[in-house]
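Below is one structure, written out as structure tokens, with a few remarks after it.
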Amino acid sequence: MFEVREKPQMVERALLVRMSFNRREEEEDISLLNELEELVTTLGIGIADLMLAHSRSMHKKYLCGTGKAAEVVEYARAHECDCIVFDNQLAPSQQREWEELAGICVIDREEVILDIFAQRAQTKEARLQVDLARMQYALPRMARMWGHLDREGGGGSGGGGAARGMGEQQIEVDRRLARKRIDRTKRELEAVRSQRATRRKDREKNETPQAAIVGYTNAGKSTLLNILSGADIMAKDMLFATLDTTTRSIELPDGQTLLLTDTVGFVRNLPHRLVEAFKATLEEAVLADFLIHVLDASDPRAIEFYNTTVKVLSELGAEDKPSITVLNKIDKIEDQSVLASLQDRFPNTVLLSARVGTGIEELQQKCSEMLGDRVRRRTYRIPQYRGDLVALLHNECKVISTDYEGNDVLTTAIVPAKIAGRLEEFAAE
């Protein structure tokens, strides 16, 4: 039976390596290597050292030349590493070559992210999405898992295998089983997505506006949702603390109801298979009326992270969505010139600290402005005998207050545009 390969539990020290092929991009390479350190630390693996290895050109066997590969392996042995983790994406054949050369476990950035996702997935949909991505990743790498099982004979006594030809190789059997399992997982995932679509249709029938909180991982999205809605979803200072979308209803200052969804965080070099696998989760961003793009203003890489998020949103077809840019964690910024520079780069933003609660009211007001054309706040004087209009307000609108004055009912309500016309006709009578 096909099993996704698990990393050895005894891994305690890892050498993190990034192959660089352009010295002019060294600053970016170092930034990505530091991010890999955060990812690996999230898995609970100790870091022996970080290594930026330069190569003049990309080679088929090891990414780099054999001399540089030997240098990396020697460095790992000198530091008594149990594992080498590459920030670059390794082809299955390259991963096998590196493990044969080094004699220890070798993984790449994609496998690290997949393992983090596997640990954090909570809902059935998220677990199915992670399983699908891991199986698709593992399928072309099965050859090295079954190197000790070359093939099975064709059966029969007296060397029937020779008479009938060699039998099906064990790896072919397992690949077939793996593909069946992938197909089964896809069907299960499609069923879950269908249920999600049904729930979404119910929300659309009510025409309740929706917003999605998007941004780089660990930017403070879940903390912001907790403050705005009073929810209690997990929010920790770590990468990919939450993978499951959470939707909560909040009331804006003008009395309008807004459905706010926290989405999975993005990361640079996010494996394409994960973008595909989580498209059902991320499509909340595509279908939202507007986006709340949260940036960690205290991180010097904030602009890089913004560009990464925009790139992923573009892949999802949500790059043209109206959005509110939020500069979060301003309480951590000591140099105000940094904040001023970000404000120049992102004008008309909301300065916010989700942890302290600064800027929440301004963000709520911005959300109301984004939906200004969808609703109107009106006060109507309705004769008591027009109970049909009173019922219409209570059924289709959000009633703020009701008072009685003589034989009239004074009702203040948040009125959707589609209802406003009917009520305006009454007001004109």
Side-chain angles (χ1 to χ4, degrees), residues 16 18 26-43 47 50 87 109 112-113 116 120 211-229 231-243 246 260 262-270 285 291-313 323-367:
L16 310 189
R18 177 168 178 82
E26 184 168 318
E27 185 176 342
E28 172 70 6
D29 289 331
I30 292 174
S31 175
L32 287 167
L33 194 55
N34 289 332
E35 184 173 271
L36 179 65
E37 182 180 15
E38 293 181 62
L39 291 168
V40 174
T41 301
T42 298
L43 281 177
I47 310 298
L50 282 67
D87 189 59
R109 182 189 185 93
V112 170
I113 295 175
I116 294 174
R120 302 286 164 76
I213 304 176
V214 300
Y216 208 77
T217 183
N218 205 27
K221 300 183 298 301
S222 298
T223 302
L224 178 59
L225 180 62
N226 284 341
I227 290 179
L228 288 171
S229 67
D232 189 26
I233 61 176
M234 186 177 75
K236 292 185 178 180
D237 185 16
M238 62 171 62
L239 302 184
F240 300 119
T242 53
L243 296 181
T246 303
L260 198 56
D262 178 26
T263 62
V264 63
F266 302 141
V267 68
R268 284 176 293 177
N269 294 347
L270 184 68
L291 307 177
I292 299 176
H293 190 160
V294 182
L295 295 176
D296 179 357
S298 67
D299 196 308
R301 301 163 293 178
I303 293 179
E304 296 176 43
F305 294 167
Y306 172 85
N307 292 333
T308 296
T309 304
V310 169
K311 180 180 178 182
V312 177
L313 288 172
S323 64
I324 301 171
T325 303
V326 174
L327 297 179
N328 191 25
K329 304 186 183 181
I330 59 172
D331 56 303
K332 291 186 176 182
I333 300 178
E334 297 180 359
D335 186 354
Q336 292 304 305
S337 65
V338 173
L339 187 57
S341 176
L342 286 172
Q343 285 181 284
D344 290 340
R345 174 65 176 80
F346 305 105
N348 196 30
T349 59
V350 177
L351 302 182
L352 186 140
S353 171
R355 185 177 64 86
V356 177
T358 305
I360 296 298
E361 292 181 1
E362 182 183 354
L363 176 58
Q364 291 173 326
Q365 187 59 44
K366 287 275 188 184
C367 291

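Expressed to the nearest 0.5 Å, how far CG of Leu33 lies from CD of Glu26 amounts to 11.0 Å. Taking CZ of Phe346 as the start and CD1 of Ile324 as the end, the distance is 15.0 Å to the nearest 0.5 Å. Taken from OG in Ser341 to CD in Gln336, the straight-line distance is 12.5 Å, to the nearest 0.5 Å. Interatomic distance, Leu228 CG to Leu363 CG, rounded to the nearest 0.5 Å: 5.5 Å. Distance check: Thr217 OG1 to Ile116 CD1 gives 8.5 Å after rounding to the nearest 0.5 Å.
Remark: of the listed residues Thr223, Asp331, Asn328, Asp331 is the sole one forming a side chain to side chain donor-acceptor pair (under 3.5 Å) with Arg355.
Residues Ile333 and Asp335 approach most closely at CG2-O, 3.2 Å, considering heavy atoms. Shortest non-hydrogen contact noted between Ser31 and Glu304 is OG-OE1, 3.9 Å. Nearest heavy atoms, Arg18 versus Asp29: NE-OD1, 2.8 Å. Ala219 approaches Lys329 most closely through the heavy-atom pair O-CE, 3.7 Å.
For Thr358 (side chain) and Ala354 (main-chain N/O), no donor-acceptor pair under 3.5 Å exists by modelled atom type. Side-chain N or O atoms of Ser229 include one that pairs as donor or acceptor with a backbone N or O of Leu225 at under 3.5 Å. Here the side chain of Thr42 pairs a donor or acceptor atom with the backbone of Glu38 at under 3.5 angstrom.
Between the side chains of Asn348 and Lys366, a donor-acceptor pair is found at a separation under 3.5 Å.
By the 4.5 Å heavy-atom criterion applied to side chains, Leu352 and Val294 are not counted as neighbours. Looking only at side-chain heavy atoms (C-beta outward), Leu327 and Gln343 come within less than 4.5 Å of each other. For the pair Thr309 and His293, the minimum side-chain heavy-atom distance is below 4.5 Å. Put simply, the side chain of Leu260 reaches to within 4.5 Å of the side chain of Ile292, judged on heavy atoms. Taking 4.5 Å as the limit, every side-chain heavy atom of Leu32 sits out of range of all side-chain heavy atoms of Leu36. Counting only heavy atoms from C-beta outward, the side chains of Leu351 and Leu339 approach each other to under 4.5 Å. Side-chain atoms of Ile360 and Ile227, non-hydrogen and from C-beta on, do get closer than 4.5 Å to each other.
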(message) For a side-chain contact (heavy atoms from CB on, under 4.5 Å) check, start with the C-alpha distance between Arg109 and Val112, then their side-chain angles and the critical distance, and finish with the verdict.
(response) CA-CA 5 Å; Arg109 182 189 185 93; Val112 170; 5.6 Å; no
(request) Could you walk me through whether Leu16 and Ile47 pass side-chain contact (heavy atoms from CB on, under 4.5 Å), step by step? (result) CA-CA 7 Å; Leu16 310 189; Ile47 310 298; 3.8 Å; yes
(request) Would you please test Glu37 and Leu50 for side-chain contact (heavy atoms from CB on, under 4.5 Å) and show each step? (result) CA-CA 8 Å; Glu37 182 180 15; Leu50 282 67; 3.8 Å; yes
(request) List the steps, then state whether side-chain contact (heavy atoms from CB on, under 4.5 Å) holds for Leu295 with Thr325. (result) CA-CA 7 Å; Leu295 295 176; Thr325 303; 4.1 Å; yes
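With salt bridges taken as basic N to acidic carboxylate O contacts below 4.0 Å, none links Glu28 and Arg301.
Taking the six-membered ring for Trp and the full ring otherwise, the centers of Tyr216 and Tyr306 sit at least 6.0 Å from each other.
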